[in-house]
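Both backbone and side-chain heavy atoms feed into the values below; hydrogens, waters and symmetry mates do not.
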Amino acid sequence: MQLKFQSAVSGWLKLFVVLFNIVAAALFIARIFIDSNITLKLGAAFIAVDIIFIIPLIMLTYYKFCDDYLLIHDFPIRSFKIKYTDIVDVEDGDFETRDKSIVALSLDRVAICYNRKVKGEKTEKHYIFISPREMSLFLIRLSARLQQNKVDIEEKARELSLKQKEHELKKKLADEKRKKEKEAKAPEIIKVSGNKLGKFKTEEVDGEQEQTKE
């Protein structure tokens, strides 16, 4: 199952990269005809930009399905982890909005709308534009993840409900057990009868002796 999708690259961007490298090569070739190190320095600068930024941008911009979130990697500095539970909607990426982040290298893109935290527990809707190379398969995978996440949430809710009922039953049984143990350990109350004059009568076991105390 494919879980990682590289970003598609538009034809205009590919053309720009080709022209950029042609210019870099031309600067090195110009050194043969121009007796100056300026062309070499410019050529080296072009190659450095190409190796450090342009090529990694194309190669390392990708979107990956993880267990609980969608990882959107944008070279060189940005990375987004969007939980499936936060995704609100997926729309065609042919519109403009202020609250957006663009991690797309092609105009054939989609916009994922999700809730993100801004201050404390406060959230706001934000759009992130992406352009997977295999768009149809990506959307199928995303739809399946969202559906699975919905099922998982419902199952977890049922599990929590059952655990809560089990906890309440255990607590009730424990309370009843403590109550019975407490009653069993309680001392017996012995009642002693006496006459109105405060006389108490004691008798021996065999009934032969009898004592009267006033």
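- In the hydrophobic clustering of ILVMFWY residues, with side-chain heavy atoms under 4.5 Å counting as a link, F53 and I58 come out together.
- At least one donor-acceptor pair under 3.5 Å links the side chain of Y84 to the backbone N or O of Y69.
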- Residues K172, D175; criterion salt bridge (Lys or Arg N to Asp or Glu O under 4.0 Å); working and verdict: CA-CA 5 Å; K172 183 179 179 182; D175 290 341; over 6 Å; no
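- The two residues F28 and A44 have their closest heavy-atom pair at CZ-N, 3.6 Å.
- Note that the CG atom of L60 and the OG atom of S7 stand 11.5 Å from one another [nearest 0.5 Å].
- In this structure, the side chains of L107 and S10 stay at 4.5 Å or more apart for every pair of heavy atoms.
- Residues K14 and V9 come closest through the heavy atom pair CE-O, 3.5 Å.
- Side-chain N or O atoms of T61 include one that pairs as donor or acceptor with a backbone N or O of L57 at under 3.5 Å.
- For the pair I130 and R109, the minimum side-chain heavy-atom distance is 4.5 Å or more.
- Linking ILVMFWY residues whenever their side-chain heavy atoms come closer than 4.5 Å, directly or via other members, places F46 and I38 in the same cluster.
- Between the side chain of N21 and the main chain of V17, a donor-acceptor pair closer than 3.5 Å is present.
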- Task: Verify side-chain contact (heavy atoms from CB on, under 4.5 Å) between L70 and K64, making sure each step is shown before the conclusion.
- Result: CA-CA 6 Å; L70 175 64; K64 184 178 180 181; 6.0 Å; no
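- A donor-acceptor pair under 3.5 Å links the side-chain atoms of S131 to the main chain of L105, judged by distance alone.
- Taken from CD1 in I82 to CG in D68, the straight-line distance is 14.0 Å, to the nearest 0.5 Å.
- Both V110 and L3 are part of a single hydrophobic cluster, where members link through side-chain heavy atoms under 4.5 Å apart.
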- D89/Y114 under side-chain contact (heavy atoms from CB on, under 4.5 Å): CA gap, chis, key distance, verdict: CA-CA 7 Å; D89 197 7; Y114 66 100; over 6 Å; no
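- In this structure the side chain of F129 never reaches within 4.5 angstrom of the side chain of I112, judged on heavy atoms.
- With hydrophobic clusters built from ILVMFWY side chains whose heavy atoms lie under 4.5 angstrom apart, F5 shares a cluster with L139.
- Judged purely by distance below 3.5 Å, without hydrogens or angles, the side chains of S101 and H126 pair a donor atom with an acceptor atom.
- By the 4.5 Å heavy-atom criterion applied to side chains, K125 and N115 are counted as neighbours.
- In this structure, CD in E91 is found 9.5 Å from OG1 in T97, a value given to the nearest 0.5 Å.
- Side-chain atoms of F65 and L142, non-hydrogen and from C-beta on, do get closer than 4.5 Å to each other.
- Considering CG of L71 and OG of S79, their distance stands at 4.5 Å, rounded to 0.5 Å.
- Heavy atoms of other residues, nucleotides or ligands lying less than 6.0 angstrom from CD1 of I55 number more than 12.
- From K81, atom NZ reaches atom CG of D86 across 14.0 Å, with rounding to the nearest 0.5 Å.
- Here the CZ atom belonging to F20 is positioned 13.5 Å from the CG atom belonging to L15, to the nearest 0.5 angstrom.
- Judged purely by atom type and a 3.5 angstrom limit, Q6 uses its side chain to pair as donor or acceptor with the backbone of M59.
- Applying the 6.0 Å contact sphere to CG of L146 captures more than 12 heavy atoms from other residues, nucleotides or ligands.
- Placement of Y62 and L13 in two distinct hydrophobic clusters is found when ILVMFWY residues are connected by side-chain heavy-atom separations under 4.5 Å, directly or transitively.
- In K100, the NZ atom is crowded: over 12 heavy atoms of neighbouring residues, nucleotides or ligands sit closer than 6.0 Å.
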- Task: List the steps and the verdict of side-chain contact (heavy atoms from CB on, under 4.5 Å) for K177 and L173.
- Result: CA-CA 6 Å; K177 184 179 179 181; L173 293 174; over 6 Å; no
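- Using a 30° and 60° split on the angle between ring planes, Y63 and F138 fall in the perpendicular class, above 60°.
- In this structure, R116 and E124 have side chains that are in contact, with non-hydrogen atoms separated by less than 4.5 Å.
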